[in-house]
Amino acid sequence: MKLSDSLEKKFQDQITLEFAASITYRQLAIEADEQDLTGIAAWLRHQADEEIVHANKFIQHVSDRGNHAAIGTIEAPGVKTGLSVLEIFEAALAHEEKVSEAIRDLYRAADKEGDYDSRPLLNWFVDEQIEEEATVSEIVGRVKLIGEDGSGLLRLDSELGQRPTGSTEADAE
């Protein structure tokens with residue numbers, strides 16, 4: 001069943017937001033790299049790649065429904081330079097919260113139109129966003145405990161750098 005024109009537009013907006021999230025994570029990775037925190041930068045790049053996987057899931061859903069997937073205008077990420085590690089992860093958390101709210105809004109719109117065919121995809125994303133927010137929130141908490149302690153930041157950098165890398169064409173974790 002095709003998506004209504006209004007739902008098609010909302011899905012297109014979500015596709016755009018997922019790509020914007022990817023760019024935001026890439027910029028945050030640059031900020032970590034500038035501080036020689038290569039593990040944190042790698043973790044952030046992995047997040048950027050995961051956002052592309054998310055966009056691809058939405059693209060596939062729109063296409064499978066007989067609609068037209070499209071990417072809208074993507075603004076520059078608006079990440080300032082010289083961020084502390086705490087500011088990097090607080091920015092990541094704020095962006096995850098923004099994406100979560102957009103998905104909830106999309107879910108509400110689909111429900112309002114009785115579009116039950118979108119529920120499996122949107123349920124997956126609701127679960128995914130709960131996990132994403134929890135993960136980044138935990139990192140924010142750990143960075144707050146560490147403060148400016150260099151050895152603590154290096155340990156966190158090493159730990160986050162152990163995350164396996166993936167592909168933007170693979171299924172999201």
Side-chain angles (χ1 to χ4, degrees), residues 1-32 40-80 83 87-140 160 163-173:
M1 175 176 107
K2 279 188 83 142
L3 294 163
S4 68
D5 290 344
S6 63
L7 272 181
E8 178 184 67
K9 173 70 170 101
K10 287 193 104 27
F11 272 94
Q12 290 171 345
D13 291 346
Q14 189 65 41
I15 291 165
T16 303
L17 183 58
E18 297 292 340
F19 280 115
S22 177
I23 292 169
T24 297
Y25 270 116
R26 285 284 176 190
Q27 186 62 53
L28 293 171
I30 291 168
E31 294 308 310
I40 290 172
W43 188 92
L44 292 163
R45 282 191 300 275
H46 183 84
Q47 286 297 111
D49 292 344
E50 193 172 279
E51 299 301 339
I52 293 172
V53 172
H54 293 173
N56 288 341
K57 284 180 176 286
F58 282 114
I59 290 167
Q60 190 65 52
H61 179 76
V62 171
S63 178
D64 286 350
R65 299 282 300 274
N67 291 81
H68 187 83
I71 302 167
T73 302
I74 299 174
E75 302 291 325
V79 173
K80 65 181 183 176
L83 295 177
E87 290 170 323
I88 287 170
F89 283 106
E90 286 176 335
L93 180 58
H95 207 76
E96 289 294 351
E97 290 168 344
K98 178 180 178 179
V99 170
S100 293
E101 183 53 34
I103 290 169
R104 287 189 295 271
D105 185 52
L106 182 55
Y107 202 113
R108 287 187 288 270
D111 268 3
K112 184 177 178 182
E113 291 195 23
D115 180 32
Y116 303 113
D117 296 342
S118 293
R119 276 193 180 171
L121 175 71
L122 295 174
N123 284 338
W124 185 89
F125 272 103
V126 168
D127 289 343
E128 175 71 6
Q129 285 307 120
I130 289 169
E131 179 185 322
E132 293 293 337
E133 283 188 41
T135 298
V136 179
S137 182
E138 179 183 304
I139 294 169
V140 167
L160 293 180
R163 183 178 187 181
T165 58
S167 165
T168 59
E169 298 304 318
D171 287 335
E173 297 173 348

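The closest side-chain heavy-atom distance from Ile30 to Leu44 is not below 4.5 Å. Counting heavy atoms from C-beta on, the side chains of Glu50 and His54 come closer than 4.5 Å. No side-chain heavy atom of Ile130 sits less than 4.5 Å from a side-chain heavy atom of Phe125. Side-chain contact between Gln47 and Arg26 is absent, with no heavy-atom pair separated by less than 4.5 Å.
Residues Ser22 and Ala48 approach most closely at OG-O, 2.9 Å, considering heavy atoms. Contact record, Thr16 with Ile71: OG1-C, 3.6 Å, taken as the closest heavy-atom pair. Across all non-hydrogen atoms, the minimal contact from Ala32 to Ile88 is N-CD1, 3.8 Å. Nearest heavy-atom pair across Val99 and Ala21 is CG2-CB, 4.3 Å. When every heavy atom of Ala69 is checked against every heavy atom of Ile59, the shortest pair comes out as CB-CG2, 3.8 Å.
In this structure, the side chain of Gln12 engages the main chain of His68 through a donor-acceptor pair within 3.5 Å. Using modelled atom types, one side-chain atom of Asn67 and one backbone atom of Leu3 make a donor-acceptor pair closer than 3.5 Å.
Partners of Gln27 under the side-chain hydrogen bond (donor to acceptor under 3.5 Å, both in side chains) rule, at least two apart in sequence or in another chain, are Glu31. Ser118 meets the side-chain hydrogen bond (donor to acceptor under 3.5 Å, both in side chains) test with His61, Arg65, Asp115; sequence neighbours excluded.
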As a quick check of understanding, evaluate side-chain contact (heavy atoms from CB on, under 4.5 Å) for Ile74 and Leu17, giving each step before the final call.
CA-CA 8 Å; Ile74 299 174; Leu17 183 58; over 6 Å; no

Quick one: side chains of residues 89-98, donor-acceptor pairs under 3.5 Å with protein atoms, not counting sequence neighbours, listed by atom name and distance.
unit_1 : atom_1 : unit_2 : atom_2 : d
Glu96  : OE1    : Gln129 : NE2    : 2.9
Glu96  : OE2    : Tyr25  : OH     : 2.7

Donor-acceptor pairs are to be reported for all side-chain atoms of residues 133-140 against protein atoms at under 3.5 Å, with residues two or more places apart or in another chain.
unit_1 : atom_1 : unit_2 : atom_2 : d
Glu133 : OE2    : Ser100 : OG     : 2.5
Thr135 : OG1    : Glu131 : O      : 2.9

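Look at Lys10 and Glu113 and you find no salt bridge, because none of the NZ, NE, NH1 or NH2 atoms lies under 4.0 Å from a carboxylate O.
Between the NZ atom of Lys57 and the CD1 atom of Ile52 there is a distance of 14.5 Å, given to the nearest 0.5 Å. To the nearest 0.5 Å, atoms OH (Tyr116) and CE (Met1) are separated by 9.5 Å. Distance check, rounded to the nearest 0.5 Å: CG of Leu121 to CG of Asp64 gives 10.0 Å. Asp117 contributes atom CG, which lies 11.0 Å from atom CG of Leu7 (distance to the nearest 0.5 angstrom). Within the model, atoms OH of Tyr107 and CG of Asp111 stand 5.5 Å from one another, a figure rounded to the nearest 0.5 Å. Atom CZ in Phe58 sits 6.0 Å away from atom CG in Leu122 (nearest 0.5 Å).
Pairs engaging residues 11-23 under the salt bridge (Lys or Arg N to Asp or Glu O under 4.0 Å) rule: Lys9-Asp13 [sequence neighbours left out]. For residues 69-79, the set of pairs meeting the salt bridge (Lys or Arg N to Asp or Glu O under 4.0 Å) definition, not counting sequence neighbours, is empty.
Atom CG of Asp127 is surrounded by more than 12 heavy atoms from other residues, nucleotides or ligands within 6.0 Å.
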